[in-house]
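Report on the following structure.
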Amino acid sequence: MFSPFIFTFLCPCQSPLCTDIISATFHRGENILEERYNPQKVEQKWQKYWAERNIFKTEADSSKKKFYCLEMFPYPSGKIHMGHVRNYAIGDVIARYKRMCGFNVIHPMGWDAFGMPAENAAIKEGIHPAKWTYENIAYMKKQLNQLGLSYDWDREVTTCSPDYYKWNQWFFLKMYEKGIAYRKSSFVNWCPSCMTVLANEQVIDNGCWRCDTAVIKKELEQWFFRITQYAEDLLKACDELKGWPEKVVLMQKNWIGKSEGLEADFKVAGRDEKIRIFTTRADTLFGATFVCLAPTHPLAEKLVADKEAIKKIKEHYGKEDEKIGLFTGHYAVNPANDEKIPIYIANFVLMEYGTGAIMSVPAHDQRDFEFAKKYKLPIREVIVQESRGLASGESQRRQGVKGSSENTILPSNPHELEAAFEEDGVLIDSSSYSRLKSDVARIEIAKHIEKKGLGKRVVNYKLRDWGISRQRYWGTPIPVIYCEQCGVVPVLEQELPVILPEDVKFTGTGGSPLAESEKFVNTICPKCKGKARRETDTMDTFVDSSWYFVAYCVDNGKIDFQSLTPNPQSPISYWMPVDQYVGGVEHAVLHLLYSRFFTRVIKDLGIINSPEPFTNLLTQGMVCKETLKCPEHGWLLPEDVKDEKCIKCGKAVDIGRVEKMSKSKKNVIDPDHLINRYGSDTSRLFSLFAAPPERDLEWSDQGVEGAYRFLNRIWGIVYKNKVQIQNAKFKIEELSNCQLSAVSLLRKTHQTIKRVTNDIEREYHFNTAIAALMELVNDLSSFEPKSDSDWKAFRFGIETLVLLLSPFSPHISEELWESIGNKKSILEQKWPLWDESIAQEEEIELVIQINGKVKAKIMIPAGLPDDDVREKALDEPKIQEILKGKALKKVFIVKGKLVNIVI
RNA sequence: GCCGAAGUGGUGGAACCUGGUAGACACGCACGUUUGAGGGGCGUGUGGGGUAACCCGUGCGGGUUCAAAUCCCGCCUUCGGCACCA
């Protein structure tokens, strides 16, 4: 294992003529400061060094301040992509920085290992999902280590392992006990291609989130988590998420979608039944001219004999088609005025929201308006704009109309209306509520209905309970048994985990693959010991990722929630919540909301203290690249294009927009190639330098070259001056009285510490932090040390540079740190501090403006009193000339910056 | 349709939090230098216009201010999210 290796690398210039093939033989720990920077050699050396010492291992220690740095764990799809590189580079900088700042940093990684691609691979290629998954994990883990990420692998979790999913099942049982997990029959989103149920969040534009196939509605018995029980809490707590991007908080709020309104009963005329409707616009109650039921509403079937007609409406249910409806032949009684209005069944009314029935007010709701126009239903205006309610010309004129003896405002002619008036206004034609404003009337009318016992004020949420059943193999078996005698019986806690059987065939057709396994399905009822069948559905994989961040906190990866009692001393209490979470914005609602829900459930179980999992959230932008498209051959790889022409057909290639990297658009960069060619230090550096983390990053081959060049320059400076640097030992106090020639370098070094520190602290703006390092390198490379103290200042500059660079490009930093004579790993060094008095400039450039326009710039000593600054500015010959014969009106002085002379 | 974000050189971006020299840093380009040559390295220049003094410049139009990329109002464009949610 420790025998010398021979590695052969191509010269990074990649020129076909280049003969610089580098053969390297090296042992562990060998000092390799050669003239040429060889990233592969350096990176392997230090990765090995870190791994052998298990240097990133952390343990809970209540005497130390903790920092939990977490990046979203990947799905092991095969290889990592540039999005991962960016995500994990960002997280790693934070982890390494915080570690150097003295925090006890937990920085774990794992695998979101259940999911459909594994099963699809099984269907297509006959590989068992477990084999496929574990092989991918092995490869991707190697890749992550090649990136030099500072993970404590002792905490690794793999969600498809029984040790892990056992706890999915345990949480399920706990939730079942509390009534949070329950079973009901419902219409679900069904993807005919994936043959599975999809959560609402997994339906995008009416298509499957994975394969885009149009989703259909299907009725099935499903397991649900009652996330709606936490809706109000999840919503309220949104305002406490100070460390989250506002847009994500807003998306969560919108997703929860709270609305307050009134539920009211409309009696069905001549029958002993009533229709309960939900409205947020109780102020328009007097304008209701018909009632609509969802086609799946229980009353729909009762009121209409023609089942075929209902079926037809169902076909258009929930789609963005034209609105279609069916008159039931029955009438409903408006509880406000006892008016009889027709009952319709309409495709646009959703059973899932509110009560599945609405009162239709066509004058004040655009959907009802369109429906009313189509079916020639009356439109009655009951709200008018406030200005019209007062002494406007129109209302004056209309007041003259016969029959309106009292001072009422009359509606406009409904036939003239072109759209519904949906805003708030003043009520008309609403009995005693007329002339009230909408907001007041809404409450008064609701109170009235409540008093009459015909309804109640309610709060409604768009958020629906989380359907977790999936008709798939590669997921956590739901730990439930169906007994003919006892019905639904949960699996006993001590029987967990319910293990996924191996003897399953993957045909890709039919329902749950688990149903095929006799051994799995047939079991005994835990209660009566009679014959029983197991549940054959598995859990949504979002369950797995809703609590993995808690699992990481358990030392040595041995999760055991069962024996945990509420305990402030437990490692979970110590580490949770996550201080910094980093991941893609695509999880703004799905994963993040479920995690918040789960964390609340776990808190209620007494396992953790905080209801919120993630204190600070950083959503990084996508990695994008320009697309190339041939009119004949479609998307092209860069190598299929020469001189902007397709090499297959010679047609001019369309250089398309910069878009998110995706295999289908052929605009991807394989991180393996990048690492082989430039090394991971360069890859990391580029992805951090090209844009601030929250913004999209545009790929640029030249940009990568630039990052590589930068590291080479540093390497070159250290190599060239190695001996002198090694000899230039100094004590930090000595530097304060170094010779004049070194003062500006010393100052620049302190300024760089300040800038890099502030840029990291202030919203992780790594791009500007790296720019500051580049400036320091520019100064270092033009500095020519002559005296002893020059060399000391130079060494200080180099050491500081390397320390500041180490979170970004850790391997080269370690190597250079060692090569200038340091024995201990850079990981054991403290983050440098700057001295404000040294960082301060002695002279500043004063800008002199006249009427806001720059006219001159002069150098003045820093901290000069205002009067002197004013005098110097006015004495400047150029200014004198302009001022000649003009009267000064005022002079503004901005300390340390400029003077503006107003004339 | 609703909600949100962003528009700055040839390009990525900086300065926006806290109004005060617009364009840090990098890429690209040009010229020079090194080299047998290519690549690479090093050096200089590089917002636009003008010989120059100067003038113009942060999507467009207004406003506040001695001073606006920055604050306020209106509009346009692009991107993202939600979308029959009653």
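Chain identifiers are assigned alphabetically (A, B, ...) following the order of the sequence lines, protein sequences preceding nucleic acid strands; residue numbering begins at 1 within each chain.
- The phosphate of B:C56 has OP1 or OP2 within less than 4.0 Å of a side-chain N or O from A:Lys853.
- When the nucleotides B:A86, B:U21, B:G13 are ranked by their closest atom to the side chain of A:Phe278, B:A86 comes out on top.
- If you take CG of A:Asn712 and P of B:A26, they are 15 Å apart, rounded to a whole angstrom.
- Residues forming a side-chain hydrogen bond (donor to acceptor under 3.5 Å, both in side chains) with A:Asp439 (at least two apart in sequence, or on another chain): none.
- The closest side-chain heavy-atom distance from A:Tyr317 to A:Leu350 is below 4.5 Å.
- In this entry the distance linking OH of A:Tyr353 with P of B:C85 reads 9 Å, nearest Å.
- The side chain of A:Arg713 has B:C42 as its nearest neighbour among B:C25, B:A14, B:C42.
- The shortest distance between the side-chain N/O atoms of A:Ser259 and the OP1/OP2 oxygens of B:A86 is below 4.0 Å.
- Side-chain N/O atoms of A:Asn778 include one lying less than 4.0 angstrom from OP1 or OP2 on B:A26.
- Considering only heavy atoms from C-beta on, A:Met774 comes within 4.5 Å of A:Phe689 through its side chain.
- Among the nucleotides B:C85, B:U21, B:C25, the one closest to any side-chain atom of A:Ala771 is B:C25.
- Candidate nucleotides B:G20, B:C27, B:A26 were compared by shortest atom distance to the side chain of A:Phe689, and B:A26 ranks first.
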Parsed dot-bracket for RNA chain B after applying the Watson-Crick and G-U rules with both distances under 3.5 Å and | for other-strand partners is (((((((..(((.......[....)))(((((((.....)))))))(((....)))..(((((..]....))))))))))))....
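- At B:G41, one or more side-chain N or O atoms of A:Arg709 fall inside 4.0 Å of OP1 or OP2 (strictly under the cut-off).
- The side chain of A:Asn767 places an N or O atom within less than 4.0 Å of a non-bridging phosphate oxygen (OP1 or OP2) of B:A14.
- Contact of A:Glu845 with B:U21 (side chain to base): a donor-acceptor pair of N or O atoms is detected under 3.5 Å.
- Take the nearest nucleotide of RNA chain B for A:Tyr461 and for A:Leu697: the residue whose nucleotide is more 5' is A:Leu697.
- Within the 4.0 Å cut-off from OP1 or OP2 of B:G7, not a single side-chain nitrogen or oxygen of A:Arg695 is found.
- The side chain of A:Asn254 sits closest to B:C3 out of B:C3, B:G20, B:A86.
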Derivation of the side-chain hydrogen bond (donor to acceptor under 3.5 Å, both in side chains) call for A:Arg713 and A:Asn778: CA-CA 9 Å; A:Arg713 286 186 73 193; A:Asn778 290 343; 2.8 Å; yes
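- Checking B:C25, B:C85, B:C54 against the side-chain heavy atoms of A:Lys878 singles out B:C54 as nearest.
- Going from the P atom of B:A37 to that of B:U44 covers 24 Å, rounded to whole Å.
- Stacking here means ring centres nearer than 5.5 Å and ring planes tilted less than 30 degrees, and by that measure A:Phe892 stacks onto B:C66.
- Counting heavy atoms of neighbouring residues, nucleotides and ligands inside a 6.0 Å radius, atom CD of A:Glu246 does not exceed 12 of them.
- Residue A:Val847 places its side chain closer to B:U21 than to any other of B:A14, B:U21, B:A86.
- Protein atom NZ of A:Lys247 is 17 Å distant from nucleotide atom C1' of B:C2, rounded to whole Å.
- Rounding to the nearest 0.5 Å places CZ of A:Phe348 at 10.5 Å from CD1 of A:Ile313.
- For A:Arg464 against B:C85, a side-chain-to-base donor-acceptor contact under 3.5 Å is present.
- Closest approach to the A:Ile358 side chain among B:A86, B:G12, B:G81 is made by B:A86 (side chain taken as heavy atoms from C-beta onward).
- As a whole-Å value, the separation of A:Met774 CE from B:A14 C1' is 13 Å.
- Between A:Glu775 and A:Lys748 there is a salt bridge, since at least one side-chain N of the basic residue sits less than 4.0 Å from a carboxylate O of the acidic one.
- The 5' end of RNA chain B is approached more closely, in terms of each residue's nearest nucleotide, by A:Asn851 than by the other of A:Met351 and A:Asn851.
- Anti is the classification of B:G12, since its glycosidic angle lies more than 90° from 0.
- Ranking B:G20, B:C85, B:A24 by closeness to the A:Arg367 side chain, first place goes to B:C85.
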Which is it for A:Tyr764 and A:Glu694 under the side-chain hydrogen bond (donor to acceptor under 3.5 Å, both in side chains) test, yes or no, and what are the steps along the way? CA-CA 9 Å; A:Tyr764 302 125; A:Glu694 71 281 2; over 6 Å; no
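- Closest to the A:Lys897 side chain, of the nucleotides B:C3, B:A86, B:G20, is B:G20.
- Within 6.0 Å of CD on A:Glu784 lie no more than 12 heavy atoms contributed by other residues, nucleotides or ligands.
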